[in-house]
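Treat the numbers as computed from the prediction; the structure is a model and nothing was measured.
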Amino acid sequence: MITVDLKNAEKRQTLKGFGTSSCWWSQNLSDKTTIDEISDLLYSEKGLNLNIYRYNIGGGWNSNNCRVSNPWRKCESFLVFDDKNEDESYKGDGYDFGKDKNAYTFMKACLAKGTIDTVILFANSPHYSLTSSGQASGSLIHHTCNLPKSNYRRFAEYFLDITEHFIKDGIPVSYISPINEPQWKWGGSNVWQEGCHYEPEEVRDVFHIFAEELEKRNLDIKLYGPESGEIGGLTEEYLKLFKNDKLIMKHLGAFAIHSYHADNNTEIRKSFYSNMVKTNPDIRFDMSEWCELPCKNDTKSIKGALITARIIGNDLSLLGAESWTGWVAVNQITDGKGDSKDYSDGLISATNGFNYYYIAKRYYGFLHFSKFIKIGAKVLNTEYVSDNKLNIYTFINPDGQKIAVIVNEGKADDIIFSADAKHCEIYSTTAKENFHKEFSGNFNKTIHSKAASITTVILW
């Protein structure tokens with residue numbers, strides 16, 4: 001039995017919310033009924049209640065020079081380009097915003113739910129016409145930047161042209177993220193998706209050019225990134241380079257990373273908090289992308305939900321993230337039967353044409369946090385996060401409600417909460433039940449946590 005002291009818990013960072021990415025899958029969704037159903041699941045108050053929307057500015061492709069075969073791993077571009085003449089074939093102002101129509105329509109449907117306050121535009125790759133390889137899937141030599149220095153500014157101009165169109169169309173763009181996971185090899189002889197490698201100095205130089213263009217256009221949006229693909233590695237070097245560039249820091253809204261390749265490593269998160277977050281109190285740190293990688297648990301497994309919930313809790317409580325955004329909201333069913341572990345990383349699973357979809361178990365792992373933890377909530381340090389099988393994450397909402405999310409990957413246990421509260425609600429997810437309302441009534445301090453379960457306790 002564990003006692004959790006909520007009365008004297010230390011308050012840490014303020015949370016800005018939760019989100020997911022519409023990358024690659026939303027362009028395949030066109031049915032109006034399905035659009036309404038999935039947007040409800042993700043961005044309505046009766047669903048995940050997400051407030052952060054991550055939209056991919058696609059790099060496009062030349063059908064005669066594209067090595068990415070899976071349509072769920074590449075994206076149409078708004079830029080009109082004449083491949084034959086190797087020049088922009090201007091249509092109006094050089095862009096056709098009727099392209100990527102399905103993804104844009106879905107974003108608007110989500111915005112109509114009224115929960116979104118943050119839209120992040122990001123790019124896995126510059127437009128293919130700006131790259132060395134002529135492809136958005138990376139250089140022909142891996143670990144080599146696919147964007148020539150001579151095109152840095154054109155990339156920024158192209159990205160901000162699109163950004164300005166979004167803003168004029170009423171999309172509440174808050175951040176732009178021109179680089180995604182710069183340290184990975186992206187390219188070479190084997191490619192599978194959009195991507196572009198950048199060395200650390202190249203990351204800084206691209207961000208500096210973007211900062212210059214933001215000043216030139218007087219846009220009230222912030223830079224977001226560099227979306228490092230891991231917690232450790234080159235991440236600290238990226239931050240040092242940014243901090244030494246005054247113009248980047250003037251326009252940097254959040255230093256964003258992805259917490260891949262550290263699912264069972266709590267120490268790297270604690271180290272990140274101590275060495276980077278705590279020593280840079282004026283910088284916002286976001287966790288902007290994660291999924292189980294490699295994905296060992298299929299979409300219907302409680303293990304996938306437990307891991308998802310533990311990573312969310314660890315990134316908020318140990319890493320110091322001010323927001324948490326998952327990777328794709330919808331994964332592709334590639335075998336036609338109902339699940340495929342190669343792409344079983346989403347919150348929802350769907351066939352290519354969305355004629356069939358279902359809610360994945362890890363959706364509920366996310367729901368246990370996003371449903372009740374409000375924008376402006378504080379993370380509480382109650383010191384019950386460890387490498388063992390029982391982890392407890394605690395928060396206090398702006399209205400004083402206290403939230404505890406219990407992720408139990410082991411045996412059943414009882415937890416005593418020391419809190420000034422009279423009322424209590426409890427929701428749980430197990431292998432058999434999804435977000436089941438277990439209790440609503442007077443708070444009696446002792447909460448039962450079932451084996452292999454996620455439990456959210458709301459106290460007021």
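Taking the centre of each ring, F395 and F372 stay at or above the 6.0 Å mark. Remark: aromatic rings of F272 and F285 are close, center separation under 6.0 Å. Under the 6.0 Å cut-off for aromatic ring centres, F435 and Y427 qualify, their centroids lying closer than that. Here the two rings, on W72 and F354, have centers that are under 6.0 Å apart.
Under 4.0 Å is where a charged nitrogen must lie from a carboxylate oxygen, and between D169 and K108 at least one such pair does. For the pair K113 and D36, the salt-bridge criterion is met [side-chain N within less than 4.0 Å of a carboxylate O]. Salt bridge R73/E194: absent, no basic N to carboxylate O contact under 4.0 Å. For K101 and D96, the salt-bridge test fails: no basic side-chain N is under 4.0 Å from an acidic carboxylate O. A salt bridge does not link E237 with K240: none of the charged nitrogens is closer than 4.0 Å to a carboxylate oxygen. Salt-bridge annotation for K250 and E215: present, with a side-chain N of the basic residue lying under 4.0 Å from a carboxylate O of the acidic one.
Looking only at distances, a side-chain donor or acceptor of K361 sits under 3.5 Å from a matching main-chain atom of T430. With N28 contributing its side chain and W24 its backbone, the two residues share a donor-acceptor pair below 3.5 Å. Between the side chain of S271 and the backbone N or O of E267 there is no donor-acceptor pair closer than 3.5 Å. Using a distance-only test at 3.5 Å, with no hydrogens or angles considered, no donor-acceptor pair links the side chain of D100 to the main chain of A103. Within the 3.5 Å criterion, the main-chain N or O of R153 finds no donor-acceptor partner in the side chain of E213. One N or O on the side chain of Q13 and one on the backbone of A321 form a donor-acceptor pair closer than 3.5 Å. Of the possible donor and acceptor atoms, one in the side chain of Y43 sits under 3.5 Å from a partner among the backbone N and O of I52. Looking at D245, its side chain does come within 3.5 Å of a backbone N or O of I248 through a donor-acceptor pair. Of the possible polar contacts, one joining the D31 side chain to the T33 backbone as a donor-acceptor pair under 3.5 Å is found. No side-chain donor-acceptor contact under 3.5 Å links N151 to the backbone of R154.
Between K374 and P398, the closest heavy-atom pair is CB-CD, 4.1 Å. Between H197 and W186, the closest heavy-atom pair is N-CD1, 3.7 Å. Contact record, G229 with Y260: O-CB, 3.5 Å, taken as the closest heavy-atom pair.
Looking at Q183 and S228, their side chains do bring a donor and an acceptor atom within 3.5 Å of each other. Between the side chains of T299 and Y358, at least one donor N or O lies within less than 3.5 Å of an accepting N or O. A donor and an acceptor atom, one from each side chain of S370 and N49, are nowhere located under 3.5 Å apart. In this structure, a donor-acceptor pair under 3.5 Å is present between the side chains of D286 and Y224. No hydrogens or angles considered: a donor-acceptor pair under 3.5 Å links the side chains of N352 and Q332. Counting only N and O atoms by type, the side chains of S428 and H436 include no donor and acceptor under 3.5 Å apart. Side-chain polar atoms of T144 and S139 form no donor-acceptor pair below 3.5 angstrom. N408 and S453 form no side-chain donor-acceptor contact under 3.5 Å, judged by distance and modelled atom types alone. With hydrogens and angles left out, the side-chain atoms of N331 and D345 include no donor and acceptor closer than 3.5 Å. Inspection of the D161 and Y95 side chains reveals an N or O donor paired with an N or O acceptor under 3.5 Å. N280 and K243 form a side-chain donor-acceptor contact under 3.5 Å, judged by distance and modelled atom types alone. Under 3.5 Å, the side chains of E181 and H258 contain a donor-acceptor pair of N or O atoms.
Ring orientation note: the planes of F155 and F159 are nearly perpendicular, at an angle over 60° on the 30°/60° scale. Under the 30°/60° scheme for interplanar angles, the aromatic rings of Y55 and F78 are found to lie parallel. Between H261 and W184, the two ring planes are perpendicular [angle over 60°; tilted spans 30° to 60°]. Note: F369 and Y393 have tilted aromatic rings, judged against thresholds of 30 and 60 degrees for the angle between ring planes.
The side-chain tip of R54 points at the ring of F122 from less than 6.0 angstrom away and within 45° of straight on.
Atom OG1 of residue T163 and atom CG of residue L214 lie 8.5 Å apart, to the nearest 0.5 angstrom. Of the inter-residue distances, the one linking Q135 atom CD with N146 atom CG reads 8.0 Å to the nearest 0.5 angstrom.
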